Protein chains: 2
Amino acid sequence: MIELLKNRSSIRSYTSEPIDETLLDELLEATIRTSTTGNMQLYSIVITKDENVKRELSPLHFNQPMIMQAPVVLTFCADYNRFAKWCTLRDADAGCGNFQAFTTAAIDALLVSQTFCIAAESKGLGICYIGTTTYTAKAIAEVLDLPKFVVPVATVTVGYPASVPQQVERLPLEAVLHQDKYTDYGDEDILQIYERKEMLDVNQQFVKDNNKENLAQVFAEVRYTKVNFEHFSKEWLEAIQGQGFNI
Amino acid sequence: MIELLKNRSSIRSYTSEPIDETLLDELLEATIRTSTTGNMQLYSIVITKDENVKRELSPLHFNQPMIMQAPVVLTFCADYNRFAKWCTLRDADAGCGNFQAFTTAAIDALLVSQTFCIAAESKGLGICYIGTTTYTAKAIAEVLDLPKFVVPVATVTVGYPASVPQQVERLPLEAVLHQDKYTDYGDEDILQIYERKEMLDVNQQFVKDNNKENLAQVFAEVRYTKVNFEHFSKEWLEAIQGQGFNI
C-alpha cells in the first residue's frame, strides 16, 4: 500500500479500455467511507462517461485531451443541496448559504476525491486531477445541471494507463514538514529546497522552451500568472455566490 | 486495499503507544507523492507531538479529547509562503494574494491530508479529522507561528486505536452519485435516501438526547446551526484575509 502511494504518477494518457461497472461501483463504495464533517456527506460525485457530455466539458477544461480520452470523468462537488432539502422536509433550516457551509462541503468533496483516486490506483487504473475546475466552475455547473448549493471543486479523469511516465520530482520531505510549529524559511533554506528541482534537465529544458530565465518565472509568468489568478478569483467567487453561498 | 478503505472508521480514542519516527517518515514520504496543482506543492504539514503545543491547540479545537490523547496531531496548511519566497528570490512575482491562489493551495493541502490518513490506516493507525480548523484558523495560525500566505485547513489526530467503534452508517451510494449530469432530488427521493439513517437506533437516541423532533433538527439546530455557521464564516474569511489572501 505504502509502495503504491510512493510509486504513483498522474496518468495523462489512457487506453480505450472501458472501466468495468462492477469495479467502478467497488471503488465508489469504498470511497464513500471517507470521513466527512459530522458524517453529513456534503458532496456529490458526477460520473461522466457520455461522449456528448464530455464534449461539453472539454473546453471548460481548456481542451486538455484527458477529458475526451479517459473513459470516465468524475466531477466532485461540494453539495449542500441534498442535505438542505432533507432539513426543509424535516422542518429544520440547514442555514447553509454562507462561506463556512461552502468550505465544509468543499472539504468533504476533496477528501472524497482523493480516496477515489487512491482506490482507483490500487486497482491498476491511472488518474489525473484537472486543475481547471475552480476556474470555470460556473460553466461546469451549467453543463452538469448543478442546482443551488452545489459547486464543482475537483475533476478527475480515470482509465487504464496507455503509458506510465517517469515520476516527477518532489521537494524533499523536510521542505514541507514542520516540527510542532511552523519554522519559516530563510533565503538559504529556499534556495536549497528548490535546488534539485531547478537543476533537473527536464526543468531546465522547460525554462528554455518558455524563454524564461528560471523555473520560478515559468510558473509565475507563464503558467500561473497574477493576471490569470486575479481573473479566476473573481470568476470563482461569482461561481460560489451564484450557487447560493454568500461570501 | 479496497477492503481497508471500506472497513475503516474514524478513531477517537488512542493508546499511549507513540508512533515510531521511521514509520511516520515512511507515511509522510508516501504522502508527498499526492497530486498537487502544477506540482507546486502548495502545502505544509505541521506535525505536533509536544505536549505544550498540543495544550495550546486543544481549546482551539473546542477541547476535543483527541488532541491531547493522540500522540501526533497534524495540521495541514495551504502554503504559498514557501513558493512565493522562491519566486521573489528568482525575480518573479507569485501573484498569490488572491482567492484562487488560496483555493489552489487549500486543495493541495486537503488532498495531501487524505493521502496521509489512508497511508496511516494501512499501517494499523487510527485517524480522526477535527472539524474545527476553519472555525478557529486565525488563532491556530498564531499558535503554530504560521506566516503570511499560510492558512490551516485541516487537522488530523493519529495514533494506535484504543478501541475500534462500530462503523457509522453512510447514505446509499446512489444517493451521492449522479450519472453524466446531476439529477436533482424530489421529496420522495430525499425521504428514501435518509430513511435508513433516520431509523437507526443510535440516531433515534441521538434525537431524544437532544430533545428534538428528528435527526435533521439535531444537525441544523444543535450541531451546525445557522448562527454558528454565519459567525464562523466571518471568522474564517478574516483568517484567510489576515494571512494575506484577498477575497
Side-chain angles (χ1 to χ4, degrees), chain A residues 1-2 5-6 8 10 28-30 32-33 35 37 39 41 44-46 48 50 53 85-87 90 92-95 98-101 103 110-111 114 118 122 129 131 134 144-147 168 170-171 173 176-178 180-182 184 190 194 214 216-217 220 226 229-230 232-233 236-237, chain B residues 1-2 5-6 8 10 28-30 32-33 35 37 39 41 44-46 48 50 53 85-87 90 92-95 98-101 103 110-111 114 118 122 129 131 134 144-147 168 170-171 173 176-178 180-182 184 190 194 214 216-217 220 226 229-230 232-233 236-237:
Chain A
M1 173 63 212
I2 297 289
L5 296 174
K6 272 177 87 166
R8 68 167 298 280
S10 293
L28 290 161
E29 286 286 1
I32 65 169
R33 298 305 322 180
S35 301
T37 300
N39 193 21
Q41 294 185 258
S44 271
I45 306 169
V46 183
T48 303
D50 184 86
V53 182
K85 283 201 153 95
W86 176 51
C87 287
R90 292 302 187 218
D93 176 5
N98 52 66
F99 189 32
Q100 191 63 242
T103 301
L110 289 161
L111 302 187
Q114 183 59 7
I118 292 174
S122 81
Y129 277 91
T134 61
L144 297 182
D145 298 335
L146 305 184
V168 294
R170 288 288 191 270
L171 301 178
L173 174 59
V176 301
L177 197 62
H178 301 261
D180 290 316
K181 296 192 178 195
Y182 194 100
D184 205 356
I190 294 289
Y194 285 93
N214 59 56
Q217 289 180 359
K226 187 174 181 173
F229 257 174
E230 289 180 351
F232 289 125
S233 291
W236 175 224
L237 192 62
Chain B
M1 172 64 213
I2 296 290
L5 295 174
K6 271 176 88 165
R8 69 167 298 279
S10 292
L28 291 161
E29 287 285 0
I32 65 169
R33 299 306 320 181
S35 301
T37 301
N39 193 21
Q41 295 183 261
S44 271
I45 306 170
V46 183
T48 303
D50 184 85
V53 183
K85 282 201 154 93
W86 177 51
C87 286
R90 294 302 188 216
D93 176 5
N98 52 66
F99 188 33
Q100 191 63 242
T103 301
L110 290 162
L111 302 187
Q114 183 59 8
I118 292 174
S122 80
Y129 278 91
T134 60
L144 297 182
D145 298 335
L146 305 184
V168 293
R170 287 289 191 268
L171 302 177
L173 175 59
V176 301
L177 197 62
H178 300 261
D180 290 315
K181 296 191 177 196
Y182 194 101
D184 206 355
I190 293 290
Y194 284 94
N214 58 56
Q217 289 180 0
K226 186 175 182 171
F229 257 173
E230 288 180 352
F232 289 125
S233 291
W236 175 224
L237 191 62

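In this text the structure is predicted, and so the values were computed from the model without any measurement. Chain identifiers are assigned alphabetically (A, B, ...) following the order of the sequence lines, protein sequences preceding nucleic acid strands; residue numbering begins at 1 within each chain. Below, all heavy atoms of this structure are taken into account, side chains as well, without hydrogens, waters or symmetry copies.
- Between the side chain of B:Asp50 and the main chain of A:Asp180, no donor-acceptor pair closer than 3.5 Å is present.
- Heavy-atom pairs under 4.5 Å with chain A were tallied for B:Val176, B:Leu28, B:Thr48; the largest tally goes to B:Val176.
- In this view, B:Phe232 and B:Tyr135 satisfy the ring-ring contact (aromatic ring centres under 6.0 Å, His included) rule, not counting sequence neighbours.
- When side chains are defined from C-beta on, A:His178 counts as touching B:Val46, because their heavy atoms get closer than 4.5 Å.
- The two residues A:Ala216 and B:Cys87 have their closest heavy-atom pair at CB-CA, 4.0 Å.
- Classified by interplanar angle (parallel below 30°, tilted 30° to 60°, perpendicular above 60°), the ring pair A:Trp86/B:Tyr194 is parallel.
- For B:Asn214, the part sitting under 4.5 Å from any heavy atom of chain A is the side chain, from C-beta outward, and nothing else.
- When the candidates B:Leu237, B:Thr134, B:Leu146 are compared by the number of heavy-atom contacts under 4.5 Å with chain A, B:Thr134 comes out ahead.
- Taking all atoms of both residues into account, the shortest heavy-atom contact from B:Glu230 to A:Asn98 is CG-ND2, 3.9 Å.
- Pairing each heavy atom of A:Lys181 with each of B:Val53, the nearest pair is CE-CG2, 3.8 Å.
- Contacts between A:Asn39 and chain B at a heavy-atom distance below 4.5 Å involve backbone atoms as well as side-chain atoms.
- Within the 4.5 angstrom heavy-atom criterion, atoms from both the backbone and the side chain of A:Ala101 approach chain B.
- To the nearest 0.5 Å, atoms CG (B:Leu110) and OG1 (A:Thr103) are separated by 10.0 Å.
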### Query
Between A:Ser35 and B:Arg8, is a side chain to side chain contact (heavy atoms under 4.5 Å, CB included) present by the stated rule, with each step listed?
CA-CA 9 Å; A:Ser35 301; B:Arg8 69 167 298 279; 3.2 Å; yes
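- For A:Ser10, the part lying near chain B is the side chain, with the backbone staying farther off; criterion is any non-hydrogen pair under 4.5 Å.
- The main-chain N or O of B:Leu171 is found under 3.5 Å from a side-chain atom of A:Gln41 such that the two form a donor-acceptor pair.
- Taking B:Ala94, B:Gly95, B:Gly131 one by one and counting their heavy-atom pairs under 4.5 Å with chain A, the maximum is reached by B:Gly95.
- Between the CD atom of A:Gln217 and the CZ atom of B:Arg90 there is a distance of 10.0 Å, given to the nearest 0.5 Å.
- Of the inter-residue distances, the one linking A:Ile190 atom CD1 with B:Lys85 atom NZ reads 6.5 Å to the nearest 0.5 angstrom.
- Between B:Ala220 and A:Asp93, the shortest heavy-atom distance links the atoms CB-O, 3.3 Å.
- Of all the listed residues (A:Arg170, A:Glu29, A:Lys226), the one sharing the greatest number of non-hydrogen pairs under 4.5 Å with chain B is A:Arg170.
- We find the CZ-CG distance between B:Arg33 and A:Leu5 to be 11.0 Å, quoted to the nearest 0.5 Å.
- Two residues are said to be in side-chain contact when any heavy atoms from C-beta on lie closer than 4.5 Å; A:Ile118 and B:Met1 meet this criterion.
- Taking B:Phe229 as the reference, nothing meets the ring-ring contact (aromatic ring centres under 6.0 Å, His included) condition, with sequence neighbours excluded.
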